[in-house]
Amino acid sequence: MNPHKLLKTGEMFAMLVILLSLKASDTTASLLAQHTQNAFWYMPFISLLVVLPSILILVHLLKKYEDKNLVQLIEAIMGSWASKVISFMIFLSSFILMGFSYRSYVGQIKIMYFPQTPTLFLYLIFFIIVYFAAKKGWEVIGFTSKIFLPLFIVSTLILISLTMNDIVIERIFPFFGSGKLPILKEGALKGSIFVEVFLITIAYTSFKKTNYFRKGLFLGLAFSTVKIMLFFFIYATLFDYNSIVMLSYPFHDVLQYVHFGALTNIETFFMIFWLLGSFLRYAIYLYLVSWIFSEIFHIKHIESLLLPIGFLGLMVAVISRNVIVSELVFYNSISNYITFFYIGFPILLWLVSSLKGEMIKQ
Amino acid sequence: MFRFQSFEKKEENFTKKDTPLSSDTNLLIKQLKEIYDHHINKDFCSRTLFANFNKKNVYLFYYASIVNSDKIEQAIVQPLLENDGSSYSNVLTNESLKEIATIEKAIEHINSGKVVLLSEGDQIAYSIDVSQFQHRAISQSENESVVKGPQDAFTESTHINVSLIRKQIRDKQLITTVSSVGERSKQDVTIVYISDLVNPNILKNVKERIENIDTDNVRNVELLEQYLEERPYSIFPSIYYTERPDNAAAFIEDGHIILLMDSSSACLILPVTFWTFFHSPEDRYSRFMFGNFSRLIRFIAFYITMMISATYVALANFHSQMIPPDLLLAITASRERVPFPLIVEVLIMEVAFELIREAGIRIPSALGPTIGIVGALILGQAAVEANIISPIIVIIAALSGLTSFAISDVSLNYTVRITRFLFIFAAGLMGMLTLMGAFLLWFMYAASLKSFGMRFLSPIAPSFKSPKDTLFRKAVRSEIWRPGQIQPKDLKKK
């Protein structure tokens, strides 16, 4: 227990939930529906089952090698050179994912609320807010997430209750969508939905007790999976899968769809919470990516890396001009590829670590 | 530059040096009289007496305006003239008799209302506390009034203020220590705490900071606050300022530290959190339901005063689809003849309200109601009729102005009012996008603040064992812990 560290289970839970559950609002649903049709709403569960063993192994290793974060753990197990390669792969993949989802979120803001504003201007505003938010440091991000999370949950509950009247449960059938095999394949490939769980282990040592981290991680993972599935379920039953394939941002379409009595356009109300959530999510993401980088190259001040890394991430976002190309082609294939890597590396670590253990015993 | 520095250094040496008292009493008297410009300084008194017990001349020095002359006669003059004894401590039985060995100490004692006594041929002087600074009687608390609860307020005397606190906490461990502050004019800062509750690190930090204040004079706690705080440019206060003794006592009992000074009718409480400023003592005096109800109202007021103008700007400018069509049409119709952009309209009204408010504070009290009528009613009405502003803006500005009075704390009130303008500008830039961005950054700034090592938004985040007295409070009887964020020595309340 470290008396100077203040983060506890609540903060960890909040940060992970914000990192993961906001995926319910971006193009993930649409990407999944492309291949699995109306089975997409429970795909996160299949993906979770695929990545869960690796997550458990990683957490087990972290527990075994006390007081080491992700990069330090890899270094302790794999030695200097191999660890640099793996850690850099983690950094690179997370960095590119950050760039892409950055684009996706700014794209959502532009299309839904500011269609006439130059995209670059929106990027800059988003970047400035996220940068200054991340600059406040890991603890402050944690505190803020913890205080804001109840607001997000309450707004989610309001949204769900507003959709209740228009849900047609029968739309989830046929239950297996495009067929059992494609579902399993796609679910396995989209294990990258949970890639943030691997990334956040960089913060393993920043909690008052490492136990708080583990508790927050598993609770957050369970909660986020349920939340994402609940949202996907609403999309599936509200719009049916054919529309989801066409809609890039089903979340915003739900917002446009619901009404509250005489107030017919209440999307701005929910947009407030969604915006706060996505700012926070990016602040967390940016901080984690910079943290991984700083650990790999032993740079002390994470805060000084936020600007260059954030700005380069912005560049990644700006490169591809077309939403369809960037989301359906690049993002889709990248997220498929990195799934293998993230499933694989904890197993590799575990094997090497246990082999090493064997050798020491002999 | 070099010469300037060396000059400064010399002067410092001169003031910091301790000069022992000379054995030549006549020289010493001359020195003291010169230091105090005796011939022109009319309230500086020097008297000569013949002490009965050692048959020597005795010289008294004091400021006539800040001592109790009856007490001098009774405690000093009469015993010296009449009593017998072996030493000064036998003859002068006053409890505050102290020995002084340097001129600097003698000066300090004279300045703080003590009589300094020189005895012919002695190298030691004596000081007796006979000070009587004039002050107001205890009056009702005007700025933090409550309906249910004690009505008395601090007054400009540390003695009385400490007595008001002691009246409420009959604890043997309630300590009042004194630190002095200021180079030229030494003022006493009284630090009040319960020694087996207070966190020693915070206490040490506070004492160090008081000692490190490098200035000639700190007259009162209002100025002391600005010398003590960590971030002078922050929009959030980090020290709580209150004029209510019951409030101070409540904080002392939780392990906080109180600072008092002689010329302030208020005290400083530290360390604090956001909730300290948000609460009113009456929340605790009212029953559970009533207290929490007023907290809820205050929270709504807090939200409205900060956000309503900005929200209106954002909605009407960028998200007009959110406003129901009928209302939108009404707004548009009323704005038809107004020449200004919406944000300018809002700013005009908000600034006007701040003007009325500022004028209301400075205006002689007899004219107070007039400014209210002229300012609020006539000006507002005329401005609407002249098409400078639209009627809905009057409602918005009145709401945001009125609700700001629900934030009773002076410091937080300023924070909220400044923030309101920041948010209006943010909302004018890109609507909800920038408004929420500004709100997030503002909030994170608050979360990153520390008051004497204590996080501003604790005990919510970071969480601690505490009475959970934040937005709402628990029933008084089910509060078990003291606020854990200040790490008091004794965490358990019962």
Side-chain angles (χ1 to χ4, degrees), chain A residues 3-11 14 106 109-110 112-114 117 121-122 125-137 139-150 208 212 256 259-280 283, chain B residues 199 201 273-275 299 303 307 310-328 423 426-427 429-450 453-465 470-471 484-485 487:
Chain A
H4 296 292
K5 288 176 179 165
L6 298 166
L7 296 177
K8 289 185 180 171
T9 314
E11 282 88 354
V106 174
I109 296 174
K110 181 177 163 72
M112 305 318 292
Y113 301 102
F114 298 98
T117 316
F121 188 65
L122 286 177
I125 286 189
F126 197 79
F127 176 68
I128 289 169
I129 293 166
V130 167
Y131 166 69
F132 281 106
K135 211 170 181 314
K136 287 281 160 212
E139 286 193 330
V140 175
I141 296 174
F143 302 152
T144 316
S145 306
K146 188 187 168 192
I147 295 177
F148 279 11
L149 188 69
K208 196 162 186 153
Y212 289 147
Q256 305 263 343
H259 58 87
F260 183 75
L263 297 170
T264 48
N265 292 295
I266 47 174
E267 70 267 23
T268 315
F269 173 75
F270 296 105
M271 174 217 189
I272 292 170
F273 302 102
W274 178 80
L275 270 177
L276 284 174
S278 32
F279 288 143
L280 264 176
Chain B
N199 176 344
N201 295 328
T273 62
F274 169 79
W275 309 108
F299 184 71
Y303 171 78
M307 280 290 189
T311 311
Y312 177 67
V313 170
L315 284 187
N317 270 344
F318 295 91
H319 312 282
S320 46
Q321 75 275 20
M322 172 96 183
I323 305 174
D326 294 344
L327 182 59
L328 189 64
F423 285 174
L429 189 63
M430 289 284 288
M432 280 297 172
L433 174 69
T434 38
L435 177 58
M436 282 303 118
F439 173 65
L440 181 73
L441 293 180
W442 178 85
F443 192 91
M444 290 186 87
Y445 176 69
S448 72
L449 287 180
K450 285 179 191 170
M454 186 161 100
R455 292 281 181 169
F456 203 55
L457 294 181
S458 56
I460 290 193
S463 63
F464 288 96
K465 262 185 192 158
T470 51
L471 182 54
Q485 63 269 25
Q487 295 167 339

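Lettering of chains follows the sequences in order, A, B, ..., and the numbering in each one begins at 1.
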Under 4.5 Å to a heavy atom of chain A? For B/Leu315 that would be side chain
Looking only at A/Ala133, A/Gly142, A/Gly137, most heavy-atom pairs under 4.5 Å shared with chain B are made by A/Ala133
Comparing A/Leu122, A/Asn265, A/Ile266 against chain B, the one with the most heavy-atom pairs below 4.5 Å turns out to be A/Asn265
All heavy atoms of A/Ala134 vs all of A/Ile141, minimum pair found to be CA-CD1, 3.9 Å
Bottom line for A/Ser145: the part with an atom under 4.5 Å from chain B's heavy atoms is neither
Under 4.5 Å to a heavy atom of chain B? For A/Leu275 that would be side chain
For A/Met112 and A/Gln256, the nearest pair of non-hydrogen atoms, with its separation, is CE-NE2, 3.5 Å
Answer key: most heavy-atom pairs under 4.5 Å with chain B among A/Tyr113, A/Phe126, A/Phe132, A/Phe114 is A/Phe114
Bottom line for A/Phe148: the part with an atom under 4.5 Å from chain B's heavy atoms is side chain
Output for pair (B/Ile460 CD1, B/Thr470 OG1), nearest 0.5 Å, gives 4.0 Å
Identify all side-chain donor-acceptor contacts of residues 429-449 of chain B below 3.5 Å with residues at least two apart in sequence or on another chain.
unit_1   : atom_1 : unit_2   : atom_2 : d
B/Thr434 : OG1    : B/Ala426 : O      : 2.6
B/Thr434 : OG1    : B/Met430 : N      : 2.9
B/Thr434 : OG1    : B/Gly431 : O      : 3.2
B/Trp442 : NE1    : B/Thr419 : OG1    : 3.2
B/Tyr445 : OH     : B/Ser234 : OG     : 3.0
B/Ser448 : OG     : B/Tyr445 : O      : 2.8

_Intermediate values then yes/no, side-chain contact (heavy atoms from CB on, under 4.5 Å), B/Trp275 and B/Leu471_ = CA-CA 7 Å; B/Trp275 309 108; B/Leu471 182 54; 4.1 Å; yes
So OG of B/Ser458 and NZ of B/Lys450: to nearest 0.5 Å the spacing works out to 11.0 Å
